[in-house]
Trainee: 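Sharing a structure below in structure tokens format, with a few things to ask.
Side-chain atoms are counted along with the backbone in the values below, which use heavy atoms only and exclude waters and symmetry mates. Chain identifiers are assigned alphabetically (A, B, ...) following the order of the sequence lines, protein sequences preceding nucleic acid strands; residue numbering begins at 1 within each chain. Here the structure is a predicted model, which is why all the values come from computation and not from measurement.
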Amino acid sequence: MEELKYDFSKIEKKWQKKYEELKVFESEPDPSKPKFFVTFPFPYMSGPVHLGTAYTLTRLDVIARYKRKRGFNVLFPFAFHWTGTTIAGISDRIRRGDQKTIEILEKMDGVPRDEIERFKDPVYLARYYTEKNRTALKDYGLAIDWRREFHTTSLNAGFSTFVRWQYLKLLEKGYIKKGVHPVVWCPRDKSPTGDHDRLSGEGVFPEKFYLVKFRLEESHLVAATFRPETVFGVTNVWVNPEATYAEAYVDGEKWIVSLETLEKLADQLRSVTKIRELKGRELVGKRVTTVFTGVKVPVLPASFVDPSIGTGIVYSVPAHAPYDYMALEDLKHDESLLREYGLDPEEIRSIKPISMITTEKYGSNPSEKVVKELGIKDQSDPKLEEATSLVYKEEFHKGVTLDNCGRFSNLPVQRAKELVIEEMKNNGAGDEILELPSPVVCRCGTRCRVKILSDQYLLAYSSPEWKAKALKALEMMKIYPKEARENFVYFINWYVDWAFTRTSGLGTPVPWLPDQMIETLSDSTVYMAYYIVSKYVNNGTLKPENLTEEFYDYVMLGKGVPEEIEKKTGVSSELFKKLKHEFDYWYPVDLRISGKDLIANHLTFYIFHHVAIFPEEKWPRQIAVNGFLRIEGQPMHKSKGIFISLRDAIEKYGSDATRITLLLAAEGLEDPNWESEKASRNIELLASIYRQVLSFLEECSSGENSHMEEWLRNSIRKRVKKVTEALEEMEIREATSEAIYGLRNDLRWYLRRVSKPDYKTLREAVETWLNLLYPFTPHLAEELWSKLGNNVLLANYPWPQVVEVDEKPLLIEKYLENLIEDAYQILKATGKTSITRLKIVIAAGWKNEAFKELIRKAKIEPANVREVIDLYASGVSREEIGRFIGQVMKNLPSMSREYKAVLERVLEVGEHKILSEAREFLEKEFKCDVEILDENEIPREEFNKIAGKKPPVQPGRPLLLME
RNA sequence: GCGGAGGUCGCCAAGCCUGGUCAAAGGCGCGAGGCUCAGGACCUCGUCCCGUAGGGGUUCGUGGGUUCAAAUCCCACCCUCCGCACCA
């Protein structure tokens, strides 16, 4: 009994140890076998590997194990990512004593206090997690060749030589250029502020604001706007009377803008010389000249104007901007304010909104309409945001300019906008500034702004040639699931030049800029090639100083003469040639799997860089992506406590149960959902498989049941085919479920059906089952396999052959299943719980003959049905023939092909024979006597009496009489 | 806004490409029975509504359409989720 206990932890450790000892997953080139190189994007070592990572990894592991069994020489290496600012960011936060960070480390990651103290050193942190994660991954049991492991950044000299080479190649081939690049910038830290470094304003990025210059004497009042086309509706210009403004030379022209704007302009590569500062109130009452119309409009005070947004100057279009409308209304009714600024009440009150756009929904004066609809009271009402967005959306998409817009009259708003921008650019009345549409605050508490970095090195993703090459590679590649392909096309086309250098965090220095680092997405694009080299660095054969540009040129691109390079690098040309040989054997990557989130960045970069550096035959072959793991229906979120590390899962559920819980959770791009309850139940499922397999074979006193053995063999063949096909198409959930449940059900049915199972057949079936289970639950399968007395490792045992399935026995079983179902339905309808006798009356011979012929007919029409039936129904009463035709016409036309096949087969063998053979089983099933009769055997009169109003007996559908 | 995925019988989730045993797999939950000293273990049956004979009725986001036949194909609409750059 002890032996039937499923101790997953013991079993898993046992086999992991065995695989390691036997170096099962350590792969070397073998010319006699086709190779299959699989990779996984190295995880970032800022925390424990979690179940989301495990999900994708498990999918890859399944394929790796499957391919090995299909005779491929599989290479599955692994590495760890250290590059970037996140690790340094955590260290920073700990140094600052950030409680939230410390709490998460302690509670979610289970890091001891004294270790957290040491995390102030980012390198220590990265090492800590690398150690922890390596152990967790090993305990999870993956088919990884660990000899090739490495981590990134300059802290790994070997890896850095490779990245160095990569960037020298990119530079040499013209994929790197210099340019300018706007970023969200913290003036205090003097560095770009990414989402993770922000206290608020996540997801905000620079947007283009248009500047419109209003002449004020020799100077210009420069207003910022998203809607330059509305300049035809200007009635006045707003300033905040309390704010500080400045007059300055901007690129030689005199501008008046808020004081803060000067800094922004300077950050955006404008030459700015301040002349003087002034209060907003000084501007109030002045008159400025509008752009196209040349009208003079007043400058008026408004409290809603924020000097830190845009330029601190807003031009007023009351007809189309709810804010302007409200501010104007407020002013008209505020005597004291008018007096304070010495404004003429009459003049102000005579200002009328100028309509210049119309939409079906809001007409030509939308501000007033929307403000009333929303019940907005004054310019400080927060609902004005909503009002603005309603009007903006409607007018932008469906608006048309009215005929007071000069050359831009009667145009769709979108078109008018383009033309106005172009015109203002030409005549100098307009300009642009990049701005953050909502405030961004750096972790250090400083308000961020946009900065244009000059002299940036950029990856020239905007290059049409590069894009074309990437698209070509994509076309040649297999993408799973196929829906994801469109995503790749979209992102390849969408990318513009990418700034790849950083001044902070960990990484490999830019070869020609030693004080700058290559950022995290850019140093991890072709590193899979380095797995070939890393093995030799790890075992000491190669030293980082050997890994020169010439070295990689030869090994990876076949450039240069080995003997000459030997002199330069100090590496023997023999070793070189060996490495080149290995590289050519393994590369390219046959399959890379990741979460779908990486389509937008990493995987697209992966394609871009491969086509840039490598010749066509080394381009990636297949990419598979999958959804994002959710925990109990929620997206993973460490700070909300929604997080399960791989380590935790292994400890609670073990590797195999964790694996199938993940694998069964989703297919394609869907987000898999982890349910802990399911995982627990899966342990039970595996335990029951464990017990079943062992007990199946124990109690076997062998008996031949011919039909059922045929059935089992063929049903399993069908499963093998299904699992294999699903795996080939990366439909891993389908494969998992078929391998586990499908075969389990087959075996159950077989055992239910026969009184004495056939030992040989059963054993064969069980072995096939274990073979199919291996990619999904390797440890359990291997354990049972060895318990069955097999000496060869299941890991190395060939996958079952996909052979032709003989459907005949399956069709006959289907017939029996239907019959049993019918019987249960009758029991249910009559409310009977037990019966003493079941009489099965099968259809008369002439019906069978007629049916056989009719089934084969493509068209079932009353005329030909009658004709066929008449042919066989000699001596049968007209009434009976009529009833039978009626039934045929009702059922046959809507019969599926599958069911027709069932019938055809059943009639061929004969219902009587099938039922006789199954009698014992039926008697067991219904716990009653079973009698099989032929319709002809019963005298007509008696038959009519017992059949009553029941429909006529139909071939394949016998009459069931229960007593 | 742009791009992608999706809405199925209490819940989770197949099916949809290739229309017809689809009232719709499987799991959970729930109910009945068996096995058992007992059971959260295992086995069998049931679980939209009606029905004392295998039948009928109404279902697959909503509304149309194509078809002898639609969860499945077409059109429109509503709703949900995910990604959108210096960030891994």
Side-chain angles (χ1 to χ4, degrees), chain A residues 41 43-44 46 81 83-87 89 181-184 192-198 202-203 205-206 393 396-397 453 456 458 461 481-484 486-487 489-491 493-496 498-502 505 519-522 524 596-602 627-628 630 633 635 664-671 673 675 677-678 681-682 684-685 687-688 691-692 733-734 737 740-742 745 748 751-752 814 818-819 821-834 891 893-900 902-903 925 927 947-951 957-962:
Chain A
Y44 198 61
S46 58
H81 204 193
T83 312
T85 51
T86 306
I87 289 174
H181 181 71
V183 293
V184 177
T193 311
D195 264 356
H196 300 283
D197 301 325
R198 298 178 190 179
E202 236 174 274
F205 51 93
K393 272 190 189 146
F396 182 76
H397 294 287
L453 299 174
Q456 274 288 297
L458 306 167
Y461 291 145
K482 54 185 187 308
E483 301 92 85
E486 244 177 284
N487 281 309
V489 174
Y490 175 82
F491 284 111
N493 286 321
W494 171 79
Y495 266 102
V496 292
W498 178 271
F500 66 92
T501 66
R502 294 290 179 277
E519 62 87 36
T520 168
L521 284 168
S522 302
S524 51
K596 61 185 176 186
D597 52 324
L598 296 192
I599 298 174
N601 45 57
H602 167 70
F628 232 45
R630 300 166 84 87
L664 289 169
E667 196 83 280
L669 290 173
E670 286 165 10
D671 291 333
N673 186 23
E675 291 166 281
E677 223 186 296
K678 232 172 223 179
R681 278 199 304 270
N682 280 335
E684 290 308 316
L685 173 69
S688 96
R691 283 192 302 267
Q692 272 170 356
R733 175 174 62 186
E734 171 74 16
S737 125
I740 295 174
Y741 298 115
N745 289 339
R748 268 198 205 166
L751 292 171
R752 189 173 153 194
K814 183 74 194 156
N818 288 342
L819 186 118
E821 207 186 302
D822 271 358
Y824 276 119
Q825 255 199 64
I826 298 169
L827 286 174
K828 188 191 154 203
T830 55
K832 286 181 187 159
T833 49
S834 70
N891 295 329
S894 64
M895 227 174 242
S896 70
R897 238 193 26 235
E898 291 83 356
Y899 188 56
K900 278 183 183 166
V902 169
L903 269 182
E925 186 74 15
K927 297 188 186 68
K949 285 177 300 193
K950 299 181 188 78
R957 204 94 205 261
L959 182 68
L960 302 174
L961 297 167
M962 291 177 181

Trainee: Using every non-hydrogen atom in the two residues, find where A:A499 and A:Q456 come nearest and quote the distance to one decimal.
Mentor: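 Looking at all heavy atoms of both residues, the shortest contact is CB-OE1, 3.2 Å.
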
Trainee: Between A:W494 and A:F491, what is the ring plane arrangement, given parallel below 30°, perpendicular above 60°, and tilted in between?
Mentor: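 Perpendicular: the ring planes of A:W494 and A:F491 meet at over 60°.
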
Trainee: Please pick, from B:rC82, B:rG27, B:rG54, the nucleotide with the shortest atom-to-atom distance to any side-chain atom of A:Q825.
Mentor: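 In terms of side-chain proximity for A:Q825, the closest of B:rC82, B:rG27, B:rG54 is B:rG54.
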
Trainee: Which nucleotide in the set B:rA53, B:rC28, B:rC87 lies at the smallest distance from any side-chain heavy atom of A:L521?
Mentor: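 Ranking B:rA53, B:rC28, B:rC87 by closest atom to the A:L521 side chain puts B:rC87 first.
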
Trainee: Provide the closest heavy-atom pair for A:L819 versus A:L960 in the form atom of the first, atom of the second, distance.
Mentor: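 The pair with the smallest heavy-atom distance is O-CD1, 4.0 Å.
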
Trainee: Heavy atoms under 4.0 Å, any strand shown: does A:Y741 hit a base, just sugar-phosphate, or nothing?
Mentor: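 Answer is nothing: A:Y741 stays at 4.0 Å or more from every strand.
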
Trainee: Could you tell me whether A:E684 contacts a base, only the sugar-phosphate backbone, or nothing, with contacts defined as non-hydrogen atoms closer than 4.0 Å?
Mentor: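 The residue A:E684 makes no contact with any strand.
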
Trainee: Would you indicate what A:F628 reaches in the nucleic acid, counting non-hydrogen atoms under 4.0 angstrom: base, sugar-phosphate, or nothing?
Mentor: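 No contact.
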
Trainee: Is A:E898 touching bases, backbone alone, or none of the nucleic acid, heavy atoms closer than 4.0 Å?
Mentor: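 Nothing, no nucleic acid heavy atom in range.
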
Trainee: Using a cut-off of strictly less than 4.0 Å, decide whether A:K828 has a side-chain nitrogen or oxygen near OP1 or OP2 of B:rU47.
Mentor: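 Yes, A:K828 has a side-chain N/O under 4.0 Å of OP1/OP2 on B:rU47.
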
Trainee: On RNA chain B, compare the nucleotides closest to A:E667 and A:S737; which residue's is nearer the 5' end?
Mentor: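 Nearer the 5' end of the strand: A:E667.
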
Trainee: Using a heavy-atom cut-off of under 4.0 Å over every strand shown, decide if A:D597 touches base, sugar-phosphate, or nothing.
Mentor: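 Nothing: the residue A:D597, judged by heavy atoms under 4.0 Å, touches no strand.
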
Trainee: Which part of the nucleic acid, if any, lies within contact of A:T85, taking any heavy atom under 4.0 Å across all strands shown: a base, the sugar-phosphate backbone alone, or nothing?
Mentor: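 If one applies the 4.0 Å heavy-atom cut-off, A:T85 turns out to touch the sugar-phosphate alone, with no base involved.
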
Trainee: When we call it a touch if two heavy atoms are under 4.0 Å apart, what does A:V496 touch: a base, just sugar-phosphate, or nothing?
Mentor: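 If one applies the 4.0 Å heavy-atom cut-off, A:V496 turns out to touch a base.
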
Trainee: Given 3.5 Å as the limit, does a donor-acceptor pair link the side chain of A:D671 with the main chain of A:F628, or not?
Mentor: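 Judged by distance alone, yes, a pair lies under 3.5 Å.
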
Trainee: Just compare B:rU44, B:rG55, B:rC81 and give me whichever is closest to any side-chain atom of A:Y824.
Mentor: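 So the nucleotide nearest the side chain must be B:rU44.
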
Trainee: Base, sugar-phosphate or nothing for A:E483? Non-hydrogen atoms, less than 4.0 Å.
Mentor: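 The answer is sugar-phosphate, as A:E483 gets under 4.0 Å only of primed atoms, P, OP1 or OP2.
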
Trainee: So which nucleotide does B:rA53 pair with, by the Watson-Crick or G-U wobble rule with both distances under 3.5 Å?
Mentor: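 In the structure as shown, B:rA53 has no Watson-Crick or wobble partner.
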
Trainee: Which heavy atom of A:L827 sits nearest a heavy atom of A:T830, and at what distance?
Mentor: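 So the two residues come closest at O-OG1, 3.2 Å.
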
Trainee: Contact class for A:L827 vs. all strands (heavy atom < 4.0 Å): base, sugar-phosphate, or nothing?
Mentor: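 Nothing, no nucleic acid heavy atom in range.
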
Trainee: Assign each of A:A823 and A:N673 to its nearest nucleotide of RNA chain B by heavy atoms, then name whichever residue's nucleotide is nearer the 5' end.
Mentor: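 Looking at RNA chain B, the more 5' nearest nucleotide goes with A:N673.
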
Trainee: Applying a 3.5 Å limit to both distances, which nucleotide forms a Watson-Crick or G-U wobble pair with B:rU36?
Mentor: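 Check on B:rU36: unpaired, no WC or wobble geometry under 3.5 Å.
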
Trainee: Is the phosphate of B:rC45, meaning OP1 or OP2, less than 4.0 Å from a side-chain N or O of A:R752?
Mentor: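 For B:rC45, OP1 or OP2 has a side-chain N or O of A:R752 closer than 4.0 Å.
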
Trainee: OP1 or OP2 of B:rG55 sitting under 4.0 Å from any side-chain N/O of A:R957?
Mentor: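 The answer is yes; a side-chain N or O of A:R957 sits under 4.0 Å from OP1 or OP2.
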
Trainee: Measuring from the side chain of A:W498 (C-beta onward, heavy atoms only), which nucleotide among B:rA53, B:rA85, B:rG54 has the closest atom?
Mentor: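 Comparing B:rA53, B:rA85, B:rG54 against the side chain of A:W498, the answer is B:rA85.
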
Trainee: Tell me what A:E486 touches on the nucleic acid: a base, only sugar-phosphate, or nothing, going by heavy atoms under 4.0 Å.
Mentor: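 Sugar-phosphate, no base atom in range.
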
Trainee: With heavy atoms under 4.0 Å as the rule, sort A:P958 into base, sugar-phosphate or nothing.
Mentor: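 The answer is base, as A:P958 lies within the cut-off (heavy atoms under 4.0 Å) of a base atom.
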
Trainee: Hey, does A:I599 reach any base, or is it just sugar-phosphate, or nothing, if we go heavy atoms under 4.0 Å?
Mentor: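 Here A:I599 touches no strand at all.
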
Trainee: Where the side chain of A:E677 is concerned, which of B:rG54, B:rC87, B:rC28 is the nearest nucleotide?
Mentor: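 My answer, after comparing the listed nucleotides, is B:rC28.
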
Trainee: Could you report the tightest heavy-atom contact between A:Y741 and A:L685, atom names first, then the distance?
Mentor: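 Answer, listing the atom of A:Y741 first, then A:L685: OH-CD2, 3.8 Å.
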
Trainee: Select base, sugar-phosphate, or nothing to describe what A:T520 touches, counting heavy atoms under 4.0 Å on all strands.
Mentor: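 Sugar-phosphate: the residue A:T520, judged by heavy atoms under 4.0 Å, touches backbone atoms but no base.
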
Trainee: Verify the contact: side-chain N or O of A:R691 to OP1 or OP2 of B:rC42, cut-off strictly under 4.0 Å; return yes or no.
Mentor: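 So the side-chain polar atoms of A:R691 never come under 4.0 Å of the phosphate oxygens OP1 or OP2 of B:rC42.
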
Trainee: In terms of side-chain heavy atoms of A:N487, which of B:rC82, B:rG51, B:rG3 is nearest?
Mentor: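 Nucleotide nearest to A:N487's side chain: B:rG3.
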
Trainee: When we call it a touch if two heavy atoms are under 4.0 Å apart, what does A:R502 touch: a base, just sugar-phosphate, or nothing?
Mentor: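 Counting heavy atoms under 4.0 Å across all strands, the contact made by A:R502 includes a base.
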
Trainee: Which listed nucleotide (B:rC82, B:rA85, B:rC12) is nearest to the side chain of A:K678?
Mentor: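 Within the option list, the nearest is B:rC12.
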
Trainee: Say we look at B:rG26 and B:rC48: how far apart would their P atoms be, to the nearest angstrom?
Mentor: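 Rounded to whole Å, the distance is 13 Å.
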
